[in-house]
Protein chains: 2
Amino acid sequence: MANRSDTKTRILDAAEKLFAERGFSETSLRLITSKAEVNLASVNYHFGSKKELIRAVLARYLDRFMPEASDAVVQLKQGSEPSLNEIFSSLVKPLLELNKFKADGTRTFLQLLGRGYIESQGHLRWFITTHYGEHLSEFVKAVAESAPHIPPAEMFWRLHFTLGTVVFTMASADALTEIAEADFNEHNDIEAVIRKVIPYLAAGVAVPVTTQ
Amino acid sequence: MANRSDTKTRILDAAEKLFAERGFSETSLRLITSKAEVNLASVNYHFGSKKELIRAVLARYLDRFMPEASDAVVQLKQGSEPSLNEIFSSLVKPLLELNKFKADGTRTFLQLLGRGYIESQGHLRWFITTHYGEHLSEFVKAVAESAPHIPPAEMFWRLHFTLGTVVFTMASADALTEIAEADFNEHNDIEAVIRKVIPYLAAGVAVPVTTQ
DNA sequence: GTTTAATTTAAACACACGTTTAAATCAGAG
DNA sequence: CTCTGATTTAAACGTGTGTTTAAATTAAAC
C-alpha cells in the first residue's frame, strides 16, 4: 500500500483554519483544497464527505482536549472543595496546551467549538455528548457539587448560558479584540479573554436563585 | 399607482419565521416565497435582494423594540439608582410587547437577533450601532452607572459576554426548552427563560474585577 | 373605456456547490 | 522489472442558489 500522504493532514490544517475564521457552510471544499494545495476530489477520497471532514477537524482537537480537561477536574477534586472559579480555571491549562499542538490552537479550537454549536443545529451537541460524555459529566458533576444551592434544572440552564457566553465570545473573539484595541487601546490575546470571562461565568452560575 | 399588495407583508412574515428557525443562509428565497405563496421574483422586486430582505425583517422588530426599550431605561432612571437587575428587567416589558405585534414575536425577535449577530460576521453589529446607537447607549450608560466599580474596558467585554449569553440562548432556545422538558419535566416559555437569564447576567456583569 | 403605471408571473440565466467518474500516476511487494 | 493496489488528477455531473428578463396581468387615473 502506498502512503506517504500528508494530504490528509494538509486538508485538515487548511480546513480548520478556514472553518474557524468563516464558519463551516461559508467555507467551500474548493477554497480548502486550493489553500491546502491538493486536489478537490481528495477530500471525498480521504474523508468521504464534507460533513465527515468537519467531524474529523473537531475530533482532532476534542481528542486532545477532553481527556486532559476531565483529568484536570478530577485531579482538582483530590484537594478539598474547589471553588467554581478554580474549576473553570482548571480548564485554562488544557486549553493553552493546544497551542503546543498547533500555533494558535487554543483560539482555533474554541472558535471551531463556537461555530459548531451555532451552525450544526444540535448535531454537534449530540456528537460531543455521545463521544465525550464521560469527560463532560466529570466537569458538570464538579460544578454542581461546588454550587449545591442551585437545583439541577436551574443548573442545566446556567451551564447552557455559560456555553453560550464562551461560544459566542470565541466565535467573535477576533472582531472583539480589534474593537477593544481601537476603543480602549487594550490588547488582548486569547488567554487574556479566557481569564476575563471566568469570573463572569462563575458569578452567574453561582448566583442564588431568586423566587420573586 | 396600484397598491393592495400585502405581498410585501406576506414575504416578511414568512421570511422572519424561517430565518428565526433555521438561520439566514440556510433559508432560500424559494422556500420563503413558497411558504408565503407569492412569486419568487417578488422578493427582488419589493426588496431588491436577499440581504435587504434580511435587513427589512430585522428593522421591523428593531423599530418597535429599540425606542420602547430605551424609554423604559430612561424612565427607570427617573427614580433613584436602579440596580442591574432592575435595568435588565426593564427590558422584559418591551420584549413581551412584541407578542402583541405578532404571535410569538418575542421569541422570533430574539432568535433573529441571535442569528443575525452570529451569521453576519460583524455586519449586523454595524447596522444596529449606526441605526439604533442612541437608544443603545442609553442602556449602556445605565448599566455602567449602576456598576461604577467596573472600568469601561472591562465593561465592554462583559456586555459582549452578556450579548453572547442572550444571543446563543435564544438561537438555541427551542432545543433547550425541549431538553429541559424531557430531562427535568419543566416547561419553559420564552418569558421564563428571560427571567432565568437576568440574574445570571446581572451577577456576571457586576462581579468585582479580580487582579490575581 | 382607454391609457398608464405598478405588480405579478414563468422562464431562464449565470454561477457555485458537493460529489462522482474514469483515467493517470505513484509506490511498494514479489 | 512487473504487477498490484493506493492515491492523485482533470473533468464532468446534477442540483440549488440569488438574480434578471420580458411578457402578462392587475388596478387606478383620466
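Atoms considered below: every heavy atom in the structure, side chains included; atoms not considered: hydrogens, waters and symmetry mates. Below, chain A is the first sequence line, B the second, and so on; all start at residue 1.
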Salt bridge [X]-[Y], side-chain N to carboxylate O under 4.0 Å:
X: B/E154; Y: B/R158; value: yes
X: A/E138; Y: A/K141; value: yes
X: A/D104; Y: A/K17; value: no
X: A/D13; Y: A/K8; value: no
X: A/K100; Y: A/E97; value: yes

Item to complete: Just jot down the side-chain contact (heavy atoms from CB on, under 4.5 Å) partners of B/V143, sequence neighbours excluded, or say none.
Response: B/L84, B/I87, B/F139, B/M155, B/L159, B/V205

Worksheet entry | For DNA chain C, the residues among residues 13-20 of chain A that have a non-hydrogen atom under 4.0 Å from it | none

Practice prompt. Measure from CZ on A/R10 to P on D/dT7 and round the result to the nearest Å.
Written response: 16 Å

Practice prompt. Quickly work out the A/L31 CG to C/dC17 C1' distance and round it to whole Å.
Written response: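 These atoms are roughly 12 Å apart.
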
Worksheet item: Can A/R64 be said to sit on top of A/F101's aromatic six-ring, NZ or CZ under 6.0 Å from centre and within 45° of the ring axis?
Response: yes

Worksheet item: Is the gap between the ring centers of A/F161 and B/F168 under 6.0 Å?
Response: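 Between B/F168 and A/F161, which both carry aromatic rings, the centre distance is not below 6.0 Å.
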
Practice prompt. Could you encode protein contacts along nucleotides 9-22 of chain D as a string, one character per nucleotide from 5' to 3', using B for base contact, S for sugar-phosphate-only contact and - for no contact, with a heavy-atom cut-off of under 4.0 Å?
Written response: BB-B----BBBBB-

Worksheet item: Distance check: side-chain N/O of B/H46 vs OP1/OP2 of C/dT8, anything under 4.0 Å?
Response: yes

